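Everything on this sheet refers to the single structure shown next.
Quantities reported herein were computed from a predicted structural model and do not represent experimental measurements. Throughout, protein chains are lettered first and strands after them, A, B, ... in sequence-line order, and every chain is numbered starting at 1.
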2 protein chains.
Amino acid sequence: MKSRIETDGYGRKKVIDACMEPCAIERGMRIIGGKWTGSLIYHLKDGPVRFNDLNRMLGGATKKMIDQRLKELEARGMVLRTVINDRPIAVTYELTELGRSAMDILEDLRLWSEKYDIR
Amino acid sequence: MKSRIETDGYGRKKVIDACMEPCAIERGMRIIGGKWTGSLIYHLKDGPVRFNDLNRMLGGATKKMIDQRLKELEARGMVLRTVINDRPIAVTYELTELGRSAMDILEDLRLWSEKYDIR
DNA sequence: TATTTCAGGTATACTATTTATACCTAAGGA
DNA sequence: TCCTTAGGTATAAATAGTATACCTGAAATA
């Protein structure tokens, strides 16, 4: 975020150093701000959860969405997928250290949302 | 976020109290997690900025996106639009108190993004 | 025994959001 | 005169998200 602005005598401003590609905020949001991603991470905060339980916990998200988000997070090393049993298949998802590192942001977001009654 | 989980002897878990509608995290994300919204707010942190300057600062977002996001944020009372001049038209956008209240979250997100080199 | 349920997903079709590109009006500068 | 700037809007195409149904194998229910 290097961009600066200078103002001339007429109140006109000039951008001195625009950020030409997604800045840190934007890059972060693309990860934890994807639809359902934040909720997903947040619901994993207390330890491993199984796929269908996540699905039930996030009323409103489809299995496809959950699946896709979990795969994204796994690919980024934020979530760990473990097959705990095949036949009957059973899988759990849990946060890695990196995944857990986002919890503070999400907790702040939750508090903010509740404080200002965001709907 | 009332949902709880109970585990039986086989590692199977049951959701006791699922959140059936978007929880606080999700509701918050729908506001500041929209594409470009976080960046937009963040770039307003140092005071009023004009439309085309925002457009230049957020390399990658189109005017249409910027316009739409600013209108959303204005409608939520997070941003204030002021016409400082007509003929030649000049408009500035700035954060309200509510808009400013989201800055801590965004600042944390920025630090997180940079610390873990999120791309 | 037959049907339904659950696990963890995938397939298909549809809708909504985002992007790319061009354009608008009025004023000012080269 | 032509080009640029301001603050947007219009149109079409690409991408993302949703709703719904379905798959395999095991186990519980009728």
| task | Please check if atom CZ in R87(A) has more than 12 non-hydrogen atoms from other residues, nucleotides or ligands closer than 6.0 Å. | result | no

| Should I41(B) and L106(B) be marked as a side-chain contact (heavy atoms from CB on, under 4.5 Å) after you check the CA-CA gap, both sets of side-chain angles, and the distance that decides it? | CA-CA 9 Å; I41(B) 295 172; L106(B) 295 177; 3.7 Å; yes

Starting from [atom2] on [N], measure out to [atom1] on [X] and report it in whole angstrom.
X	N	atom1	atom2	result
I89(B)	dA27(C)	CD1	P	12 Å
N52(B)	dT9(D)	CG	P	12 Å
D53(A)	dA7(C)	CG	P	7 Å
N85(A)	dT24(D)	CG	P	21 Å
R81(B)	dG8(D)	CZ	C1'	9 Å
K35(A)	dT17(C)	NZ	P	7 Å
M29(A)	dT17(C)	CE	C1'	17 Å
R50(B)	dG8(D)	CZ	P	11 Å

| said: Can you tell me which nucleotide in dA27(C), dG9(C), dG25(D) comes closest to the side chain of Y93(A)? | reply: dG9(C)

| message | Which nucleotide wins on minimum distance to the side chain of W36(B), given the candidates dG7(D), dT19(C), dG9(C)? | response | dT19(C)

| Any R56(A) side-chain N or O less than 4.0 Å from OP1/OP2 of dG8(C) | no

| message | According to side chain to side chain contact (heavy atoms under 4.5 Å, CB included), who are the partners of K71(A), at least two apart in sequence or on a separate chain? | response | D67(A)

| field | Polar side-chain atom of R27(B) near backbone of I118(A) as donor-acceptor pair, under 3.5 Å | value | yes

| message | Check whether R100(B) reaches the backbone of K45(B) with its side chain - one donor and one acceptor, N or O, closer than 3.5 Å. | response | yes

| message | Using a 4.0 Å cut-off on heavy atoms, which residues in residues 63-77 of chain B reach DNA chain C? List them by number, or say none. | response | K64(B), M65(B), Q68(B), R69(B)

| field | Cationic tip of R30(B) above W36(A) ring, under 6.0 Å, 45° of axis | value | yes

